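Just so it is clear, the structure is predicted and the values come from calculations on it, not from any experiment. Proteins get letters first, then strands, A, B, ... in listed order; numbering begins at 1 in each.
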Amino acid sequence: MRLFDTLTRTERDLRPIDGSTYRFYCCGPTVYGPAHIGNFRTFVLQDVLRRALETGGTRTLHVRNITDVDDKTIRDAQKAGQSLVDFTAGWTAKFHADCAKLGLLPPHIEPSAVEHIPQQIAIIEKLVASGNAYASDDGSVYFQIASFPGYGKLSRLDQRELDLGKTQNARANADEYEKDSVSDFVLWKARRPEDGDNFWPSPWGDGRPGWHLECSAMIHTYLGDSFDLHSGGVDLIFPHHENEIAQSACACGGHFAAHWFHITHLLVDGGKMSKSLGNMYTLADLEARGVTPMEVRYVLLGGHYRKSMNFTLDSLAAAREALAKLAKGARTLAANMGPDTVLDAVTFGPFQAAWDSLNSDLNTPAALGGLFTGLREASRLTGPDAAAALAGFNRVLRALGLTLPAEVPAEAAEIPDAIRTLAETRWQARLAKQWAESDTLRGELADHGWLVKDGKDGYTLTPAS
RNA sequence: GGCGGAGUAGCCAAGUGGUAAGGCAAUGGUUUGCAAAACCGUUAUGCGAGGGUUCGAUUCCCUCCUCCGCCUCCA
């Protein structure tokens with residue numbers, strides 16, 4: 001597997017640094033509301049990375065956190081009149097349900113921030129002792145960016161921008177901060193009245209941890225100070241990941257992440273998703289429109305992760321047709337290989353090419369393309385050749401995490417008697433070559449929402465979608 | 001203002017210094033009483049605009065246009 005690395009800006013081979021297990025960390029969701037499909041683009045691509053590694057024979061250790069304490073979770077928990085724990089537990093459960101529907105493998109470890117407060121305090125103590133952090137008068141603790149020469153390397157920010165606080169937002173908000181430099185970031189936030197019961201004791205007084213620190217503490221706990229890969233959406237490059245590098249390097253030493261994997265944002269109708277524009281879709285929103293989660297997953301795999309991708313509702317219809325086509329092709333292949341053929345060698349060129357695409361910087365759209373091309377060429381194969389092709393097809397499909405729709409069986413039980421009678425009458429009319437009568441009845445059935453399709457020996461009824 | 005990304009057919013979207021994957025849609029054919037479904041085809045002399053390098057550029061270089069993201073707690 002070769003993958004682009006944000007830090008070095010090169011494509012590099014992914015090899016476990018401990019020689020056996022590829023250990024990686026993904027920044028998980030902040031659980032104060034439903035995740036939207038943009039969030040899931042990131043999680044789906046991380047899932048594909050893991051699946052591709054595992055399908056290729058590499059063992060993995062996947063850690064993804066739950067951010068359950070920050071400004072928004074506290075604010076909204078208060079608003080909801082719930083304890084922070086109860087509030088975030090509800091949204092975490094919903095997140096897990098969505099993940100399952102989308103076919104995401106659960107992480108091997110899923111730590112949450114509030115369960116790791118002591119670990120976070122320990123890191124702050126180290127940073128204060130080493131002179132990388134300082135406490136302000138109100139009991140907050142800040143990381144001093146000037147104390148870490150490597151700061152800005154990941155995001156390529158001009159050092160002057162950081163030192164002088166020249167960035168627009170920093171300048172506008174500078175008054176709110178009690179820091180030496182506007183660029184310094186908070187490690188520990190002093191308790192404020194609006195936090196309610198949500199504070200923890202610390203050597204600097206009551207308060208709560210800063211967001212950036214949460215991930216560093218959990219990484220330190222579960223992956224140690226040097227691990228294989230760190231991942232998240234592009235928006236996390238700065239400041240979140242930049243800050244993680246700084247505090248982890250200063251407090252723990254080690255190399256931190258050997259590889260940085262960032263997923264570009266999903267655009268909707270050509271721009272960023274936002275509530276105010278009304279273009280923020282959750283999985284539930286789409287399901288309410290009759291869309292299946294796999295169709296959503298297919299759409300999210302339809303663009304390369306390093307390019308922004310434009311999501312439209314039309315693309316979901318395209319996904320439905322495309323998935324049906326894949327399913328049909330796979331069925332044909334299975335039928336052609338015969339009952340007693342077992343072969344797991346993958347020797348069919350087009351599917352090998354699709355697999356190679358996936359392993360070349362996770363090119364999911366090229367891999368999907370290869371699946372269709374291969375299916376067309378493989379449709380003539382029989383016996384062991386068909387079996388080999390199917391094995392190659394399934395390998396790619398498994399890595400993509402796609403589950404194909406089953407053939408829709410005619411569910412006779414669900415057809416109302418009235419409809420069945422109508423259809424039967426039409427069939428008799430048709431057998432009698434009474435075309436006008438037959439077509440009229442077909443129209444009536446359509447009015448009731450049923451499509452009738454004629455076959456050689458009978459007809460099928462399906463609900464019009 | 002700083003940093004970064006993108007402009008490929010109606011839509012979505014790969015890709016490459018040697019002449020444009022794939023999906024959807026559309027359309028032609030086979031089949032069908034007619035449809036639907038299925039199957040087999042077709043669909044960008046062209047890759048934002050203009051220059052340059054080259055035997056040859058969509059792919060490299062320059063200029064310009066347009067769009068998008070990030071710039072202190074958003075995946």
Legend entry - Separation of B:A75 P from A:Leu283 CG (nearest whole Å): 17 Å
Inset, instruction - Give a yes/no answer on whether the side chain of A:Asn310 brings an N or O atom under 4.0 Å of OP1 or OP2 in B:C11. - result: no
Inset, instruction - Please confirm whether any donor atom in the side chain of A:Asn363 sits under 3.5 Å from an acceptor in the base of B:G15, or the reverse. - result: no
Legend entry - Nearest-angstrom distance from the residue atom OH of A:Tyr459 to C1' of B:C34: 19 Å
Inset, instruction - Please determine if a side-chain N or O atom of A:Lys307 lies less than 4.0 Å away from the OP1 or OP2 oxygen of B:G7. - result: yes
Inset, instruction - Indicate, with a heavy-atom threshold strictly under 4.0 Å, whether A:Ser315 touches base, sugar-phosphate, or nothing. - result: nothing
Inset, instruction - Can you tell me the pairing partner of B:G17 across any strand shown, Watson-Crick or G-U wobble, with both distances under 3.5 angstrom? - result: none
Legend entry - Span that lies between the C1' atom of B:A44 and that of B:U19, in whole angstrom: 13 Å
Inset, instruction - Return the nearest nucleotide to the side chain of A:Val186; candidates are B:C73, B:C24, B:A37. - result: B:C73
Legend entry - Touch class at under 4.0 angstrom, heavy-atom based, for A:Ile263 against every strand present: nothing
Inset, instruction - Answer yes or no for this row: A:Phe372 ring on B:G22 base, centroids under 5.5 Å, planes under 30°. - result: no
Legend entry - For atom CE of A:Met309 and atom P of B:C12, their distance in whole Å: 10 Å
Inset, instruction - Determine which nucleotide pairs with B:C24, using a 3.5 Å limit on both distances of a Watson-Crick or G-U wobble pair. - result: B:G10
Legend entry - A:Asp71 bridged to A:Arg208 by N-O distance under 4.0 Å: yes
Inset, instruction - With a 3.5 angstrom cut-off on both distances, give the Watson-Crick or G-U wobble partner of B:C64, or none if there isn't one. - result: B:G48
Inset, instruction - Please tell me which of the listed nucleotides, B:G23, B:G22, B:C34, lies nearest to the side chain of A:Thr373? - result: B:G22
Legend entry - Distance, P atom - from B:U27 to B:C61, rounded to whole angstrom: 42 Å
Inset, instruction - Determine the Euclidean distance between corresponding P atoms of B:A49 and B:U43; express it in Å to zero decimal places. - result: 22 Å
Inset, instruction - Name the pairing partner of B:C73, where a pair is Watson-Crick or G-U wobble with both distances under 3.5 Å, or state none. - result: none
Legend entry - P spacing across the pair B:U58 / B:G7, given as an integer number of angstrom: 16 Å
Legend entry - Separation of B:C68 P from A:Met273 CE (nearest whole Å): 16 Å
Inset, instruction - Could you work out which one of B:C74, B:A21, B:G33 sits closest to the side chain of A:Arg430? - result: B:G33
Inset, instruction - Nearest whole angstrom, please: distance from the P of B:G5 to the CG of A:Asp361. - result: 14 Å
Inset, instruction - Please state the C1' separation for the pair B:G52 and B:A57 - nearest whole angstrom. - result: 11 Å
Legend entry - C1'-based separation of B:G22 from B:C62 [nearest Å]: 34 Å
Inset, instruction - Looking at every strand, decide which applies to A:Leu371 at a 4.0 Å heavy-atom threshold: base, sugar-phosphate, or nothing. - result: nothing
Legend entry - Distance in angstrom units between A:Leu236 CG and B:C74 P, rounded: 9 Å
Legend entry - Carboxylate-amine/guanidinium proximity below 4.0 Å for A:Glu444 and A:Arg426: no
Inset, instruction - Answer yes or no: does a side-chain N or O of A:Lys72 lie under 4.0 Å from OP1 or OP2 of B:C74? - result: yes
Legend entry - Pair A:His230 and A:Tyr25, ring centroids less than 6.0 Å apart: yes
Inset, instruction - Give A:Ser438 one of three labels, base, sugar-phosphate or nothing, depending on what nucleic acid heavy atoms sit under 4.0 Å from its own. - result: base
Inset, instruction - Would you classify A:His262 as touching base, sugar-phosphate or nothing, given that sugar-phosphate means primed atoms plus P, OP1 and OP2, and contacts are heavy atoms under 4.0 Å? - result: nothing
Inset, instruction - Have a look at A:Arg9 and say if it touches a base, only the backbone sugar-phosphate, or nothing, with a 4.0 Å heavy-atom cut-off. - result: sugar-phosphate
Inset, instruction - Compute the centroid of each ring, for A:Tyr222 and then for A:Phe227, and state whether the two points are separated by less than 6.0 Å. - result: no
Inset, instruction - May I ask you to evaluate whether A:Lys328 reaches the phosphate of B:A38, defined as a side-chain N or O under 4.0 Å from OP1 or OP2? - result: yes
Inset, instruction - Just call it for A:Arg426: base, sugar-phosphate, or nothing, with non-hydrogen atoms closer than 4.0 Å on any strand. - result: base
Inset, instruction - Could you tell me whether the side chain of A:His265 has a donor or acceptor atom within less than 3.5 Å of a complementary atom in the base of B:A75? - result: yes
Inset, instruction - Have a look at A:Gly38 and say if it touches a base, only the backbone sugar-phosphate, or nothing, with a 4.0 Å heavy-atom cut-off. - result: base
Inset, instruction - Report which part of the nucleic acid A:Ala317 touches: base, sugar-phosphate, or nothing (heavy-atom distance under 4.0 Å, all strands). - result: nothing
Legend entry - Rounded distance (Å) that lies between atom P of B:A75 and atom CG of A:Asp98: 14 Å
Legend entry - Rounded distance in Å between the C1' positions of B:A26 and B:A9: 12 Å
Legend entry - A:Asp184 versus A:Tyr134, side-chain donor and acceptor atoms under 3.5 Å: yes
Inset, instruction - Please indicate whether A:His448 has more than 12 foreign heavy atoms, meaning atoms of other residues, nucleotides or ligands, lying under 6.0 Å from its NE2. - result: no
Inset, instruction - Give none if B:A57 has no partner; otherwise give the nucleotide forming a Watson-Crick or G-U wobble pair with it, both distances under 3.5 Å. - result: none
Legend entry - Distance below 4.0 Å between A:Lys325 side-chain N/O and B:C24 OP1 or OP2: yes
Inset, instruction - Before accepting this row, confirm whether a basic side-chain N of the pair A:Asp47/A:Arg297 lies closer than 4.0 Å to the acidic partner's carboxylate O. - result: yes
Legend entry - Charged N-O contact under 4.0 Å between A:Arg12 and A:Asp5: yes
Inset, instruction - Using the C1' atom on both, measure B:A37 against B:C67 and round to a whole Å. - result: 42 Å
Legend entry - A:Arg376 side chain near B:G22 phosphate (N/O to OP1/OP2, under 4.0 Å): yes
Inset, instruction - Just call it for A:Val299: base, sugar-phosphate, or nothing, with non-hydrogen atoms closer than 4.0 Å on any strand. - result: nothing
Legend entry - Mate of B:A36 where both pairing distances stay under 3.5 Å, Watson-Crick or G-U: none
Legend entry - Ring center gap for A:His62 and A:Phe24 short of 6.0 angstrom: yes
Inset, instruction - Tell me which nucleotide among B:C34, B:A13, B:C73 gets nearest to the side chain of A:Pro365. - result: B:A13
